[in-house]
Amino acid sequence: MAPKTDSGNAALKRWHFFAIFWPLACVVFAGIIISQPDRETDERIADVGFTMIPLIFFAIGMRMRWRLLKERQHATVLAKAVVVTVDSKVRIGEGNKRGYFPQYEFQVGEEQYRVKSQSGYGHSYVKTGQQVDLYYAPENPKLFYVPIMQKHDKRWSMLLCGVGVVYPLIGLLAPQLRALVSFLP
């Protein structure tokens, strides 16, 4: 159990570093963009926008990543669980899309637990009767996560953070990219 906790602490430290470092780097990028004399005013505005606006995506992705890391930090004991049911609800106000909330059943010692996912998903990644890996917190087995479900959230957080990293770099390197594009036929 200790190695998983140690790697979880290292992951949280990395998260803290990037959550502070990258927005500060983007502010520095914006300062560089504004201070460069070879950019026109409209180019400066667009390039600063390309540098600062994607931080919204970065923040959303990092928030998702924070939740995933916190779940993994506390839920450290592996158990086999069975998907008992997958509830679905219509999410009013979110385009009236359907959200799926799986319920799992697993056993710890002599006690049987039935837990429901607090996060709804737009697609059901598990089916009723399916056996899945589930990690739970030893002090509170109702605190859990299911890796197959986290995989989806991890991909989304990586995509959002990727947008929040790539676009500011595009804004910073915009003069070079404009020069490159001007040479293309």
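Starting from 1, each residue takes its place in the sequence as its number.
Relative ring orientation between F29 and W22 is described as perpendicular, the plane-to-plane angle rising above 60° on a 0-90° scale split at 30° and 60°. Taking the six-membered ring for Trp and thresholds of 30 and 60 degrees, F17 and F21 have nearly parallel ring planes, at less than 30 degrees apart. By the 30° and 60° cut-offs, the orientation of the rings of Y167 relative to F50 is parallel.
Under a cut-off of 6.0 angstrom, the local environment of NZ in K154 is sparse, with at most 12 non-hydrogen atoms contributed by other residues, nucleotides or ligands. A 6.0 Å sphere centred on CD of E139 holds more than 12 heavy atoms belonging to other residues, nucleotides or ligands. Residue L173 qualifies as enclosed at atom CG: its count of foreign heavy atoms under 6.0 Å is above 12. By the neighbour-count criterion of 12 heavy atoms within 6.0 Å, atom NZ of K151 is sparsely surrounded, having that number or fewer from other residues, nucleotides or ligands.
A salt bridge links R178 with D47: at least one charged nitrogen is closer than 4.0 Å to a carboxylate oxygen.
In this structure, the side chain of R39 does not engage the main chain of R44 through any donor-acceptor pair within 3.5 Å. In terms of modelled atom types and a separation under 3.5 Å, the side chain of E111 and the main chain of V108 share no donor-acceptor contact. A donor-acceptor contact shorter than 3.5 Å is absent between the side chain of R72 and the backbone of Y145. In this structure a side-chain-to-backbone donor-acceptor pair under 3.5 Å is missing from E71 to Q73.
You'll find the side chain of I148 stays beyond 4.5 Å of the side chain of D133, heavy atoms only. Proximity of R114 to T85: side-chain heavy atoms (C-beta onward) are separated by under 4.5 Å at one or more points. Side chains of M149 and P102 form a contact here, defined as non-hydrogen atoms less than 4.5 Å apart.
Contact detail for G61 and C161: the closest heavy-atom pair is C-SG, 3.5 Å. Residues M62 and A19 approach most closely at CE-N, 3.7 Å, considering heavy atoms. Nearest heavy-atom pair across A11 and L69 is CB-CD2, 3.6 Å. Residue F101 comes nearest to S117 through the heavy atom pair CD2-O, 3.5 Å, listed as atom of the first residue, atom of the second, then distance. Contact detail for V115 and P141: the closest heavy-atom pair is CG1-O, 4.2 Å.
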- prompt: Passes side-chain contact (heavy atoms from CB on, under 4.5 Å), V27 versus M52? Steps please.
  reply: CA-CA 7 Å; V27 169; M52 300 307 287; 3.9 Å; yes

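A ring-ring contact (aromatic ring centres under 6.0 Å, His included) with Y136 is found for exactly one of F144, F106, Y104, namely F106.
At a threshold of 4.5 Å between side-chain heavy atoms, the hydrophobic network of Ile, Leu, Val, Met, Phe, Trp and Tyr places F58 and M64 in two separate groups. Linking Ile, Leu, Val, Met, Phe, Trp and Tyr residues whenever their side-chain heavy atoms come within less than 4.5 Å places V146 and Y113 in a single cluster. A chain of hydrophobic side-chain contacts below 4.5 Å, direct or via other Ile, Leu, Val, Met, Phe, Trp or Tyr residues, connects L160 to V166. Linking ILVMFWY residues whenever their side-chain heavy atoms come closer than 4.5 Å, directly or via other members, leaves F18 and L159 in distinct clusters. Hydrophobic clustering places I60 together with V163 (ILVMFWY residues linked when any side-chain heavy atoms are closer than 4.5 Å, directly or through intermediates).
Taking OG1 of T51 as the reference point, atom CD1 of I34 lies at 9.0 Å (rounded to 0.5 Å). The distance from atom CG of L169 to atom SG of C26, rounded to the nearest 0.5 Å, is 7.5 Å. The distance from the NE2 atom of H152 to the OH atom of Y125 is 3.5 Å, given to the nearest 0.5 Å. Within the model, atoms CD1 of I33 and CD1 of I45 stand 12.0 Å from one another, a figure rounded to the nearest 0.5 Å. Separating the CG atom in D87 from the CD atom in Q103 is a distance of 4.5 Å, to the nearest 0.5 Å.
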